[in-house]
Student: 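I have a structure I would like to understand better, so I am pasting it below and will then ask my questions one at a time.
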Number of protein chains: 2
Amino acid sequence: MSDKRTQLIEATVDLFSKEGFWNTSTARISKHAQVATGTLFNYFPSKEALIDAVYLQLKKEVRDFVLEAYPERGELRERMDHIWDHYAMWAVANPVRYRLLEQLRLSDLVSQAAIDKMEEELAFMFEVVGEAHKQGLYGKLPFGFVSMIIHAHLETTINYAIAQGLSGRKLKNHLKLGAETLWQGIGAKG
Amino acid sequence: MSDKRTQLIEATVDLFSKEGFWNTSTARISKHAQVATGTLFNYFPSKEALIDAVYLQLKKEVRDFVLEAYPERGELRERMDHIWDHYAMWAVANPVRYRLLEQLRLSDLVSQAAIDKMEEELAFMFEVVGEAHKQGLYGKLPFGFVSMIIHAHLETTINYAIAQGLSGRKLKNHLKLGAETLWQGIGAKG
DNA sequence: TGAAAAAGTGACTAGTCAGTCATTTTACTG
DNA sequence: CAGTAAAATGACTGACTAGTCACTTTTTCA
């Protein structure tokens with residue numbers, strides 16, 4: 001991975017976060033990366049390709065963090081908790097990158113190819129949700145609905161933690177509270 | 001309210017939904033509204049003012065729908081259910097407008113003044129959340145966290161209903177299920 | 001009816017954009 | 001060193017942008 005490529009991606013993350021996608025021209029990115037405008041297009045054939053690369057880079061960072069010490073062969077609940085905690089901790093430790101990732105996800109700027117590629121690499125996360133469903137942990141709720149609830153609730157838990165600037169033990173407690181609220185809500189009754 | 005003003009707002013809603021904000025120029029909006037480019041700027045001093053007007057128009061539509069037959073003096077739970085159901089039903093009946101509203105909310109394109117103005121007009125919705133908090137309905141959860149959860153969960157409930165194309169009795173049942181899940185999750189224990 | 005006001009028009013301006021390409025600089029090889 | 005390939009450069013292009021303004025058409029009302 002070339003040095004200039006990394007510089008360009010980091011400059012893009014920085015400017016997108018500070019100014020938003022739409023106020024960030026390729027010229028500004030090049031300048032910020034201390035590189036000529038043409039050089040950007042030596043590394044990325046188009047602005048869209050650069051955005052894809054930024055998206056994939058950030059997703060890769062999350063995945064790597066979540067997979068650190070991941071209990072591959074542990075109990076379902078243990079794996080779920082690991083993902084929940086690590087995903088949230090990465091987000092809280094990297095709020096700028098997390099926000100950018102969320103914005104990119106909703107923006108239509110990332111190509112379907114890039115999204116597909118990353119969903120493949122994050123498959124292990126979706127698997128645990130499916131596994132829990134098979135074990136009947138969700139009661140009568142439809143699977144698709146539960147998936148959406150889990151995702152939204154994790155996002156909300158993260159957003160609150162970032163807004164409150166939680167860290168350390170307070171963060172741990174909040175994440176636990178968030179998870180409890182979720183399970184209490186979607187858990188099978190009785 | 002002038003006819004051309006309405007045409008321009010509707011054309012903007014239409015193009016923003018179809019093409020996104022950033023691929024929609026004032027020239028295209030004018031053309032779509034069958035009006036000259038200059039006419040747009042007779043009605044709105046700038047593109048931003050037009051976007052504000054679109055935002056306020058959509059919010060007004062939601063508010064009017066929610067306030068229809070609103071049980072102003074009813075029990076807290078009755079009022080909450082009314083808001084929950086009507087907000088969601090508007091969204092499901094107007095998915096394009098709902099999506100645009102959500103996107104605008106996250107986009108930084110709407111001026112703070114417009115946001116403030118609308119929050120004032122939607123104050124009655126926030127009040128019920130606060131009232132429920134005072135009655136201790138949320139148990140040990142912090143108020144700010146509960147507010148975010150309620151909002152996110154309503155959004156999720158709506159998104160699932162739209163994705164599944166629910167309507168009629170199926171929609172009613174789904175909304176009830178969504179509300180139950182929420183209360184089961186955030187409700188005070190014991 | 002006629003004159004003044006209001007509403008509507010679209011060619012135009014000044015500026016921005018993504019992307020190109022002829023040229024220069026750097027890195028490598030023998 | 002020389003010779004060559006690869007990398008980097010930045011002035012430039014054509015397409016597009018929000019917004020303007022001198023002008024035309026329509027509406028109003030005495």
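Lettering follows sequence order; numbering is per chain, from 1.
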Student: Whole-Å distance between C:dG8 C1' and B:Phe44 CZ?
Tutor: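 About 15 Å, once rounded to whole Å.
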Student: What I want to check is whether the side chains of A:Asn159 and A:Glu155 have a donor and an acceptor closer together than 3.5 Å.
Tutor: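 Judged by distance alone, the side chains do not pair up.
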Student: With the side chain of B:Thr39 defined as its heavy atoms from C-beta on, choose the nearest nucleotide among D:dG19, C:dG19, C:dG8.
Tutor: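 Of the options given, the side chain of B:Thr39 lies nearest C:dG8.
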Student: Can you see if the side chain of B:Tyr43 gets near the phosphate of C:dG8 - specifically, an N or O under 4.0 Å from OP1 or OP2?
Tutor: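 Looking at the OP1 and OP2 atoms of C:dG8, one of them is under 4.0 Å from a side-chain N or O of B:Tyr43.
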Student: Run the salt-bridge test on B:Arg79 and B:Glu127 with the 4.0 Å N-O cut-off and return the result as yes or no.
Tutor: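 Salt bridge between B:Arg79 and B:Glu127, a charged N being under 4.0 Å from a carboxylate O: no.
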Student: With the side chain of A:Phe41 defined as its heavy atoms from C-beta on, choose the nearest nucleotide among D:dA18, C:dG10, C:dT20.
Tutor: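 Of the options given, the side chain of A:Phe41 lies nearest C:dT20.
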Student: At less than 3.5 Å, do the side-chain atoms of B:Thr37 and the base atoms of C:dA11 form a donor-acceptor pair?
Tutor: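 Side chain to base: pair present.
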Student: Under the side-chain contact (heavy atoms from CB on, under 4.5 Å) criterion, do A:Glu78 and A:His82 qualify, and how do the steps go?
Tutor: CA-CA 6 Å; A:Glu78 195 188 345; A:His82 179 96; over 6 Å; no
Student: In residues 14-31 of chain B, which residues come under 4.0 Å of DNA chain C by heavy atom?
Tutor: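 Within this stretch, nothing sits under 4.0 Å of the strand.
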Student: Closer than 4.0 angstrom, basic N to acidic O: yes or no for B:Arg99 and B:Glu102?
Tutor: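 B:Glu102 and B:Arg99: not salt-bridged.
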Student: Take the protein atom CG of B:Asp3 and the nucleotide atom P of C:dA7, then report the distance between them rounded to whole Å.
Tutor: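 Computing the B:Asp3:CG to C:dA7:P distance gives 14 Å.
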Student: Take the protein atom CD of A:Gln34 and the nucleotide atom C1' of D:dT9, then report the distance between them rounded to whole Å.
Tutor: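 So the CD-C1' distance, A:Gln34 to D:dT9, works out to 15 Å.
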Student: May I have the distance from B:Asn42 (atom CG) to D:dC23 (atom P), rounded to whole angstrom?
Tutor: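 In whole Å, D:dC23 P and B:Asn42 CG are 17 Å from each other.
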Student: Tell me whether the OP1 or OP2 atom of D:dA8 has a side-chain N or O from A:Lys4 closer than 4.0 Å.
Tutor: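 Yes, such a contact exists.
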Student: How long is the straight-line distance from CD of A:Gln164 back to CZ of B:Phe145, given to the nearest 0.5 Å?
Tutor: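 Answer for the CZ-CD pair, B:Phe145 versus A:Gln164, is 10.5 Å.
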Student: To the nearest Å, give me how far apart NZ (B:Lys47) and P (D:dT17) are.
Tutor: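 To the nearest whole Å, that distance equals 8 Å.
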Student: Do A:Glu61 and A:Arg97 meet the salt-bridge criterion of a basic N to acidic O distance under 4.0 Å?
Tutor: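 Yes, A:Arg97 and A:Glu61 are salt-bridged.
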